[in-house]
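Labels below follow one simple rule: chain letters A, B, ... track the order of the sequence lines, proteins then strands, and each chain is numbered from 1.
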2 protein chains.
Amino acid sequence: MAATELRRRGVPDATVARLPAYLRVLAAMADRGVRSTSSEELAAAVGVHSAKVRKDLSQLGTYGVRGVGYDVQHLSLEISRELGMTREWAVVIVGMGHLGRALAGHRGFFARGFRVAGLFDVDPAVIGERVGELTIQDLADLPGTVRGRDAIGVIATPESAAQQVADALVAAGVSSILNLAGGNLAVPDAVDVRPVEVAAELQILAFLRQRRDFDVDLERVAP
Amino acid sequence: MAATELRRRGVPDATVARLPAYLRVLAAMADRGVRSTSSEELAAAVGVHSAKVRKDLSQLGTYGVRGVGYDVQHLSLEISRELGMTREWAVVIVGMGHLGRALAGHRGFFARGFRVAGLFDVDPAVIGERVGELTIQDLADLPGTVRGRDAIGVIATPESAAQQVADALVAAGVSSILNLAGGNLAVPDAVDVRPVEVAAELQILAFLRQRRDFDVDLERVAP
DNA sequence: TAGATTGTTAATCGATTAACAATC
DNA sequence: TAGATTGTTAATCGATTAACAATC
């Protein structure tokens with residue numbers, strides 16, 4: 001048992017970051033009725049090399065069979081468990097602008113084992129409004145919704161409000177935060193924050209394009 | 001000159017990924033009237049260690065002064081240039097659901113040098129609708145909008161439509177794509193795709209939380 | 001000058017990749 | 001058995017970090 005725990009502890013970050021992609025592809029295969037797959041097939045679907053797939057999967061356990069491949073159902077279940085998808089996670093969304101509403105209605109969340117359990121805002125004009133099956137609540141009511149649950153907070157407010165919302169989430173006992181608002185959040189060590197930076201991604205795309213154009217120009221000058 | 005080009009070519013991926021964060025912090029400092037800063041200060045604001053800041057910035061050029069620090073304006077300008085923010089990039093958004101509308105109205109884009117130049121959908125019910133200063137166009141009219149411009153395509157459709165939209169973008173000459181729809185896109189080598197995977201980030205948060213809880217349990221059993 | 005802070009070097013760490021023995 | 005494919009090893013590559021000489 002100790003060995004299992006040490007192994008689990010040690011799944012490399014780069015591997016963890018790829019597990020959702022493997023799980024998505026495996027779920028799609030299962031839907032199509034595919035029973036068995038190989039590292040080569042998974043690699044092609046996810047867009048990496050097969051050695052990486054084998055390395056990654058071997059970090060979790062010995063789920064493949066030499067000469068045969070991987071059982072889609074079994075591997076899917078093991079990755080689900082590893083990612084905590086066998087528990088129920090309550091997702092609370094703070095900020096009910098277009099972005100918050102987009103997330104609230106996102107079918108991919110439910111499909112991947114998350115339940116949107118609360119919608120919050122501070123604007124009296126939207127508090128009380130019904131969005132799908134939920135009613136937008138005052139941010140002050142957050143603690144009542146998250147108490148005693150495995151909750152993940154999603155910040156979908158303007159950047160200027162992000163830190164205050166993060167403070168409120170932490171105070172309510174939320175220790176996993178997805179930050180779509182931009183900016184750096186100050187939170188206690190025990191709290192995980194994952195930023196999603198759309199504007200930064202655009203800048204990275206601009207950088208990459210500019211560099212490519214530049215390299216092409218260089219080739220013209222000195223082929 | 002050749003040396004400059006070789007250097008530029010060689011900015012490591014990990015550094016490129018952090019440039020937008022440096023630029024954001026520097027812009028905020030400039031707004032507050034701060035003239036000069038240090039690697040230590042930048043590091044604190046971005047949430048990394050100062051050695052990394054110095055290493056990153058030294059990849060771009062020699063913009064600091066030993067014993068003094070960095071000039072906020074100057075460094076800001078250099079990073080802007082490196083990220084291509086001195087050109088104008090036309091952002092076209094495909095998919096005018098809540099997510100697409102959230103992006104269309106995002107003030108952070110404009111602030112960071114991007115111009116939303118086109119909004120597209122295939123649903124006749126929304127084509128022609130005005131959103132901010134633009135009118136939603138038929139996806140078929142994409143080529144007219146992007147012709148002759150540095151364009152970045154943003155896919156904000158459901159996952160099921162993502163590949164078709166990517167094909168349309170590529171056919172129209174767009175070679176930088178931000179994919180918010182999920183899934184893996186097949187595109188030519190000369191096209192850059194950056195995925196933004198909200199659902200995957202939630203799964204990673206769930207994984208990290210589960211591992212932390214598990215480690216705490218372990219400590220209780222064997223302190 | 002003395003104090004401060006960069007840019008760079010070297011050491012360390014982690015991730016990727018290729019190759020192949022193990023084994024179904 | 002012969003062919004296929006994994007799991008693992010070793011080599012390579014890239015990123016991080018600590019330390020400090022250079023220098024304002």
Rounded to whole angstrom units, what separation is found between the [atom1] atom of [X] and the [atom2] atom of [N]?
X: L57(B); N: dT6(C); atom1: CG; atom2: C1'; value: 10 Å
X: L60(A); N: dT8(D); atom1: CG; atom2: P; value: 12 Å
X: L42(A); N: dG7(D); atom1: CG; atom2: P; value: 11 Å
X: Y63(A); N: dG7(D); atom1: OH; atom2: P; value: 11 Å

Can you see which heavy atom on [X] is nearest to which on [Y], and at what distance?
X: R81(B); Y: Y63(B); answer: NH2-OH, 4.2 Å
X: A181(B); Y: A162(B); answer: CB-CB, 3.7 Å
X: I93(A); Y: A156(A); answer: CG2-CB, 4.4 Å

Using a 4.5 Å cut-off on heavy atoms from C-beta on, say whether the side chain of [Y] contacts that of [X].
X: T37(A); Y: V25(A); value: no
X: I155(A); Y: L178(A); value: no
X: I204(B); Y: P20(A); value: yes

Side-chain donor-acceptor distances from residues 44-54 of chain B under 3.5 Å, at least two apart:
residue	atom	partner	partner atom	Å
S50(B)	OG	E40(B)	OE1	3.4
S50(B)	OG	R54(B)	NH1	3.4
R54(B)	NH1	S39(B)	OG	3.0

State which of dG7(D), dT6(D), dT8(C) makes the closest approach to the side chain of S58(B).
dT8(C)
Rounded to the nearest 0.5 Å, how far does CZ of R18(A) lie from CG of L57(A)?
10.0 Å
Counting Watson-Crick and G-U wobble pairs with both distances under 3.5 Å, what is the dot-bracket string for DNA chain C, 5' to 3', using [ ] for crossing pairs and | for pairs to another strand?
..||||||||||||||||||||||
When all nucleic acid strands are considered with a 4.0 Å heavy-atom cut-off, which category describes T62(A): base, sugar-phosphate, or nothing?
sugar-phosphate
Contact list for residues 178-196 of chain A, test side chain to side chain donor-acceptor pair (under 3.5 Å), sequence neighbours left out:
D192(A)-R209(B), D192(A)-R212(B), R194(A)-E201(B)
The single option from I79(B), L77(B), V72(B), D71(B) passing side-chain contact (heavy atoms from CB on, under 4.5 Å) against L75(B):
I79(B)
For residues 158-168 of chain A, pull every pair meeting salt bridge (charged side-chain N to carboxylate O under 4.0 Å, His left out), keeping only residues two or more places apart or in separate chains.
E159(A)-R112(B)
Using a cut-off of 4.0 Å between protein heavy atoms and nucleotide atoms, how would you tag nucleotides 12-21 of chain D 5' to 3' with B, S and -?
---SSBBB--
Please list, in numerical order, the residues of residues 22-30 of chain B that have a heavy atom closer than 4.0 Å to any atom of DNA chain C.
none
Is S39(A) close enough to dT5(D) that one of its side-chain N or O atoms is under 4.0 Å from OP1 or OP2 there?
no
At less than 4.0 Å, is any side-chain N or O atom of Y70(A) found next to OP1 or OP2 of dA4(D)? Yes or no.
no
